[in-house]
Amino acid sequence: MNRLVTLACTGAVSLQDAGRRGYARQGLSGSGAMDALALATANTLVGNPDGTVAIEFGLGGGRFRQEGGDAWMALAGAPCAIRIDGVAVPDHRAFALRAGATLAIEAPRRGVFAYLARASGFEVPEVLGSRALHRRAGLGGIDGHGLRAGDVLTGRDMPEAQPLSIAPLPLHTDAPVRVVLGPQADHFTPEAVALLAEATFTMSHRADRMGLQLDGPALAHGPGGYNIVSDATVMGSVQVPGGGRPIVLMADRQTTGGYPKIATVISVDLRRIAQRRPGEAVRFQPIPLEEAFALARERATLLAELSRTVCVHGVALTDRLAGANLAGDAVDALSVEA
Amino acid sequence: MTLSAIRLLWCGDTALTVEFGDRIDPDLNARVLALDARLRAADCPGLVETVPTYRSLTLHLDPVAVDPVRLETAIRDFAALSAPSRAPRRVWCVPVVYGGAFGVDLDDVAGHHGLSPEAVIAWHAAPEYRVVMIGFLPGYAYLDGLDPGLALSRRSTPRATTPAGTISIGGVQALIASIAAPSGWHLLGRTPVRAFLPGRDPVFLFEPGDGIRFVPTDPARWDALDRAAAAGEPVAEPVR
C-alpha cells in the first residue's frame with residue numbers, strides 16, 4: 001500500500017484541512033489550516049481540490065519515508081528547506097517522492113506555518129465533516145492527535161503530474177494586520193482604541209493554534225470592567241483579559257469567552273498574523289467593514305483562479321491572475337516549468 | 001410586553017453577533033433561541049452556522065456569499081417577533097455523584113452558605129435547569145436556574161485541571177463540563193454522562209434549550225455508569 005511513514009517530527013505538526021463547520025454551537029471550534037491560502041496553494045500544486053487534508057508544520061519539520069509506491073507532493077507557506085535523500089528540492093513546487101526515498105523538511109527560517117500536500121490527499125477518517133485535528137477535543141487528525149514518529153499515512157497511487165511551481169507566498173512580516181473594530185470596542189477607553197491602532201505589539205511565545213498572545217502596552221477597559229456575560233468568539237477575535245494584553249483567538253480557540261473583544265482580524269489577514277513568529281512586531285490597522293468584505297471577495301477570486309486554472313488546464317495561469325494585486329497576496333508566477 | 005432593542009455587532013467580515021442584552025436572563029435567552037430557530041429554518045445566503053449564548057446569537061458567515069444589508073433586515077424582522085413558549089423540547093435526567101473526591105468543594109460551599117452538604121445537594125438537584133449555552137470547550141453545557149441561595153463567586157485561584165464530567169457552580173451559573181480543563185468554579189460533583197464523546201452517535205448529547213435535572217446518585221453506582229457511558233450509552237435519560 002502506498003504510504004508515508006513518519007520517522008520524526010518537531011514543533012506542532014498535524015493534519016489540517018478547511019476545518020469543520022456547524023459545531024461551534026456545541027463548543028467545537030472549526031480547526032483547519034492556520035494559513036488557508038498556503039493550504040490551498042500546496043493543494044493546487046499537486047492538483048487537489050482546495051481544502052484537501054495536508055500536513056501542517058507549525059514552527060517545525062519532520063522526516064518521512066515513502067513506501068509502497070511513489071507520491072506526488074508539494075510544500076507551500078512558510079519557506080522550509082526540503083531534502084529528498086539529502087538532495088535539496090525547492091518549496092512551492094511539486095515534486096515526486098519515490099518509493100524508498102526519505103523526505104526531510106526543516107523548520108521554516110521565516111514565517112510559522114507550512115503545508116505538505118500529497119496528490120489525492122492522505123487517507124484518514126473524516127470526523128464530523130473534517131479530517132482536521134482539534135487537539136484540545138482529541139478529535140480528527142490521526143486518532144485525535146498530531147503527527148508523531150511511527151504514524152503511517154496511506155494514500156492512493158497517483159499518476160505523475162507536471163511539476164507546477166509558484167512564487168513563494170508573501171508572508172507580509174512588516175505589514176499591518178487589518179482589523180474591524182468591535183464587537184466590544186465600546187468596553188474600552190477611547191485611549192485604548194486609539195492605542196490599538198498606534199502601538200507596536202510583539203508576538204509572544206504563548207502562541208499556538210488556539211490563540212496568539214501579544215506583548216505590548218496594556219489596553220485599558222472602560223468603566224464596565226473586563227468581564228462580560230460570555231458570548232461567541234470567531235477566528236481573529238482580539239480579546240483582552242483583565243491585564244490588558246490582547247490575545248488573538250485562532251482556529252482551535254474556545255468558542256465562547258467572557259472577556260471583551262476590542263477588534264476582529266479580517267479574514268484575509270488571519271494568515272498574516274498566523275505567520276508572525278514569536279518576537280516579531282505586530283501592528284493593527286482598523287479598516288471599515290465594507291473594505292474587509294471587498295478584500296474577502298478579492299481573495300475568493302484568487303482562490304478560484306488558483307484551483308480552476310491549474311486543475312482544468314494544467315498549464316500556466318492567466319495573465320489576469322499574474323497581473324492582479326490580490327489583497328497583497330499576489331501570486332505572480334504560477335507556471336509549469338518547461 | 002415590549003421587547004428591548006437588539007444590537008447588531010459585526011465581528012469582522014466573518015460573523016455578526018445579535019445582542020439582546022448584556023445580562024443573564026431567561027427571557028433574553030428565549031429570544032436568542034427563537035431567533036436561532038427562525039434563522040436556521042430560513043434561507044439565509046452566506047449563513048454558515050449559529051452560536052446561541054446566554055444573551056446573544058452569533059452568526060458565522062461566508063463573507064463572499066453574505067448580503068449584509070439583507071441579513072440585517074431579516075434579523076430585525078425575525079427578532080421583532082415574540083419568542084415562543086419556553087417549554088423545553090426535552091428534559092434530561094443527569095446522574096450526579098456529589099461530594100468527596102467527586103466534588104471536592106461541596107463542604108466549602110456548604111460552609112460558606114451555612115448549610116449542610118446534604119442541603120446543598122438538595123438545593124442543587126431541585127430545579128429544572130435550562131441549557132442556555134454550549135461553549136468554551138466541546139459539549140460544555142452552561143445552565144440557567146441555579147438557586148440564588150447557592151450562588152458563590154468563582155475561586156480566586158483557578159485549578160489547573162478539573163476532571164471530565166465535573167458538575168460545578170460559578171456565580172449564579174451552573175455547568176456540566178465534558179472534558180478535563182482548568183476551572184475556577186466550585187466543584188460539587190461529577191456525572192458519568194459524556195456530553196461530548198467522539199465516535200458515539202450522537203457525538204454531542206445536549207442542545208441549547210434542553211432541560212436538565214440532576215439526580216443525586218450513590219457513589220457505588222459510579223463504576224458501572226461510567227463504564228456504560230464510556231462504551232457509548234447516554235446514561236442520561238430524556239424524560240420528555
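Order of the sequence lines fixes the chain letters, A, B, ..., with proteins taken first and strands second; residue numbering starts at 1 for each chain. This is a predicted model, so every value here is computed, not measured.
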> Where does A:Ile266 contact chain B at under 4.5 Å (heavy atoms): side chain, backbone, both or neither?
Replying inline: both

>> Please give me the minimum heavy-atom distance between A:Arg136 and B:Ala181, naming the atom from each residue.
In response: NH2-CB, 3.7 Å

>> Rounded at 0.5 Å granularity, tell me how far CG in B:Leu137 sits from CG in A:Leu28.
In response: 10.0 Å

> In terms of heavy-atom proximity below 4.5 Å to chain A, should B:Phe196 be classed as side chain, backbone, both, or neither?
Replying inline: side chain

>> Rounded at 0.5 Å granularity, tell me how far CD1 in B:Ile134 sits from OH in A:Tyr23.
In response: 13.5 Å

> Taking atom OG1 of A:Thr233 and atom CZ of B:Phe136, what is their separation to the nearest 0.5 Å?
Replying inline: 10.5 Å

> Given a strict heavy-atom distance threshold of 4.5 Å, which part of A:Ser29 is in contact with chain B: side chain, backbone, both, or neither?
Replying inline: neither

> Any idea which of A:Leu181, A:Val265, A:Thr255, A:Val179 has the most non-hydrogen atom pairs under 4.5 angstrom with chain B?
Replying inline: A:Thr255

>> Is it true that, when you exclude B:Phe204 itself, more than 12 heavy atoms of the residues, nucleotides or ligands shown sit nearer than 6.0 Å to its CZ?
In response: yes

> In Å, rounded to the nearest 0.5 Å, how long is the span from OG1 of A:Thr256 to OH of B:Tyr54?
Replying inline: 8.5 Å

>> Let's test your reading of the structure: which of B:Asp36, B:Leu16, B:Val66, B:Ile24 forms the most heavy-atom pairs below 4.5 Å with chain A?
In response: B:Asp36

> What residue in B:Ile179, B:Thr14, B:Thr58, B:Thr50 has the most heavy-atom pairs under 4.5 Å with chain A?
Replying inline: B:Thr50

> Does any heavy atom of chain A fall under 4.5 Å from the side chain of B:Pro208, the backbone, both, or neither of them?
Replying inline: side chain

>> How close do B:Val64 and A:Ala296 get, counting heavy atoms only, and between which atoms?
In response: CG2-O, 3.7 Å

>> Has A:Arg21 got a side-chain atom pairing as donor or acceptor with B:Val48's backbone, closer than 3.5 angstrom?
In response: no

>> For the backbone of A:Ser267 and the side chain of B:Asp13, can you confirm whether one donor and one acceptor N or O come within less than 3.5 Å of each other?
In response: yes

>> For a quick test of reading the model, state the closest non-hydrogen atom pair linking B:Pro63 to A:Phe293 and the distance between them.
In response: O-CD2, 3.5 Å

> For B:Arg7, is it the side chain, the backbone, both, or neither that has a heavy atom closer than 4.5 Å to a heavy atom of chain A?
Replying inline: side chain

>> Tell me the closest heavy-atom pair linking A:Arg25 and B:Glu49, and the distance in Å.
In response: N-OE1, 4.3 Å

> Around B:Asp67, counting heavy atoms of other residues, nucleotides and ligands shown, do more than 12 lie under 6.0 Å from its CG?
Replying inline: yes

> How about B:Phe78: does its CZ atom have over 12 heavy atoms from other parts shown lying under 6.0 Å from it?
Replying inline: yes

> What part of A:Leu128 gets closer than 4.5 Å to chain B, counting heavy atoms only: side chain, backbone, both or neither?
Replying inline: side chain

> Once you round to the nearest 0.5 Å, how far does CG of B:Leu205 lie from CD of A:Gln26?
Replying inline: 9.0 Å

>> Show, in sequence, the C-alpha distance, side-chain angles and deciding distance for B:Thr17 and A:Asp231, and conclude whether the side-chain contact (heavy atoms from CB on, under 4.5 Å) test is met.
In response: CA-CA 9 Å; B:Thr17 291; A:Asp231 74 349; 4.1 Å; yes

>> For a side-chain contact (heavy atoms from CB on, under 4.5 Å) check, start with the C-alpha distance between A:Ser230 and B:Met133, then their side-chain angles and the critical distance, and finish with the verdict.
In response: CA-CA 9 Å; A:Ser230 290; B:Met133 179 174 87; 3.7 Å; yes

> In Å, rounded to the nearest 0.5 Å, how long is the span from CG of B:Leu9 to CD of A:Gln184?
Replying inline: 6.5 Å

> In terms of heavy-atom proximity below 4.5 Å to chain B, should A:Asp186 be classed as side chain, backbone, both, or neither?
Replying inline: side chain

> If you tally heavy-atom pairs under 4.5 Å against chain B, which of A:His134, A:Gln254, A:Lys261 wins?
Replying inline: A:Gln254

> Checking B:Ala141 against chain A: side chain, backbone, both or neither under 4.5 Å from a heavy atom?
Replying inline: neither

> Between B:Gln173, B:Glu19, B:His60, B:Arg40, which has the largest tally of heavy atom pairs under 4.5 Å with chain A?
Replying inline: B:Arg40

>> Is A:Val127 close to chain B through its backbone or its side chain, or both, or neither, when contacts mean heavy atoms under 4.5 Å?
In response: neither

